[in-house]
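The block underneath contains the structure these notes are about, expressed in structure tokens.
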Amino acid sequence: MDLQDLLNKGPEEEGNPSKPKSPLVSLKSDMDFYKESIQEVSAEMMAEGYTLYPIFVAHQLKVDLGEMILDRDELNTQWTIQASSLEEFVDRGIIKEDKKEYFIKNFKPANDFMCLFVVVPEGANFVFYPYNS
């Protein structure tokens with residue numbers, strides 16, 4: 001799934017002007033601002049042998065997963081980003097061991113895409129966002 005898929009309004013939203021704007025609109029703006037920093041951290045994680053599958057947790061709430069790399073309060077943005085990995089997601093049971101190979105098979109090249117685990121009040125989902133967009 002790509003970030004744009006989450007940003008597109010459904011027919012029920014288009015006719016309802018009183019519905020609040022999705023927080024995912026601000027996520028795209030922040031990702032464009034953060035992408036160079038995230039790409040550097042991703043490359044460093046892979047180069048140091050920490051993981052071949054870096055995952056970046058994007059949230060506006062408190063999330064106890066990974067290590068904070070970009071704090072929305074310090075940077076005056078909407079989203080905080082924490083660096084994690086496939087290994088941590090499996091260890092913590094977020095990705096089940098029997099789904100690990102499926103995740104690896106569908107993981108987009110980490111040099112070209114950031115893997116985001118987007119956490120919103122309604123739930124969470126994986127999104128691959130290109131560094132060059």
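Bear in mind the structure is a predicted one, so any value in this text is a computation, not a measurement. The first residue in the sequence is number 1, and the count goes up from there.
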By side-chain hydrogen bond (donor to acceptor under 3.5 Å, both in side chains), which residues pair with Thr80, not counting sequence neighbours?
none

Aromatic ring pairing Phe126/Phe117, orientation class (parallel under 30°, perpendicular over 60°, tilted between)
tilted

Would you call Glu88 and Thr51 a side-chain contact if the rule is heavy atoms closer than 4.5 Å?
no

Restricting to salt bridge (charged side-chain N to carboxylate O under 4.0 Å, His left out), what partner residues turn up for Asp64, sequence neighbours left out?
Arg92

Treating Ile, Leu, Val, Met, Phe, Trp and Tyr as nodes and any side-chain heavy-atom pair under 4.5 angstrom as an edge, say whether Leu52 and Leu86 lie in one connected cluster.
yes

For the atom pair CD1 (Ile81) and CZ (Arg72), what is the distance rounded to the nearest 0.5 Å?
11.0 Å

Common cluster, Met46/Ile104, ILVMFWY with side-chain heavy-atom separation under 4.5 Å:
no

Out of curiosity, Met68 CE to Asp73 CG, how far, rounded to the nearest 0.5 Å?
8.0 Å

Any Leu70 side-chain heavy atom under 4.5 Å of Ile38 side chain
yes

Set of side-chain contact (heavy atoms from CB on, under 4.5 Å) partners for Glu97, sequence neighbours left out
Val90, Lys100

Approximate separation, where rounding is to 0.5 Å, of Met114 CE and Ile55 CD1
14.0 Å

Let me see the working for Glu67 and Gln82 under side chain to side chain contact (heavy atoms under 4.5 Å, CB included), right down to the final yes or no.
CA-CA 5 Å; Glu67 298 209 16; Gln82 293 179 204; 5.9 Å; no

Result of checking Val120, Val127, Val118 against Leu27 for side chain to side chain contact (heavy atoms under 4.5 Å, CB included)
Val118

Return yes if some donor-acceptor pair links the side-chain N/O of Gln60 with the main-chain N/O of Gln78 below 3.5 Å, else return no.
yes

Quick one: CZ on Phe33 to NZ on Lys28, what's the gap to the nearest 0.5 Å?
14.5 Å

Ignoring hydrogens, what is the shortest heavy-atom contact between Asn111 and Tyr131? Give both atom names and the distance.
O-CD1, 3.6 Å

Going by salt bridge (Lys or Arg N to Asp or Glu O under 4.0 Å), name the pairs with one or both residues in residues 37-62, residues two or more places apart or in two chains.
none

Trp79 and Leu75: same hydrophobic cluster, using ILVMFWY side-chain contacts below 4.5 Å?
yes

Counterpart residues, side-chain hydrogen bond (donor to acceptor under 3.5 Å, both in side chains), relative to Ser42 (two or more places apart)
none

Just to verify, what does Tyr34 make a ring pair (Phe, Tyr, Trp, His ring centres under 6.0 Å) with, not counting sequence neighbours?
none

Rounded distance [0.5 Å steps], CD1 in Ile94 versus CG in Leu65
4.5 Å

Residues two or more places apart in sequence or in another chain: which of them pass side-chain contact (heavy atoms from CB on, under 4.5 Å) with Lys96?
Asp98, Lys99

Across all chains, not counting sequence neighbours, the side-chain contact (heavy atoms from CB on, under 4.5 Å) partners of Ala43 are none

From CZ (Phe103) to SG (Cys115), nearest 0.5 Å:
4.0 Å

Only pairs at least two apart or in different chains count here, so list each ring pair (Phe, Tyr, Trp, His ring centres under 6.0 Å) that has a residue in residues 48-74.
Tyr53-Phe107

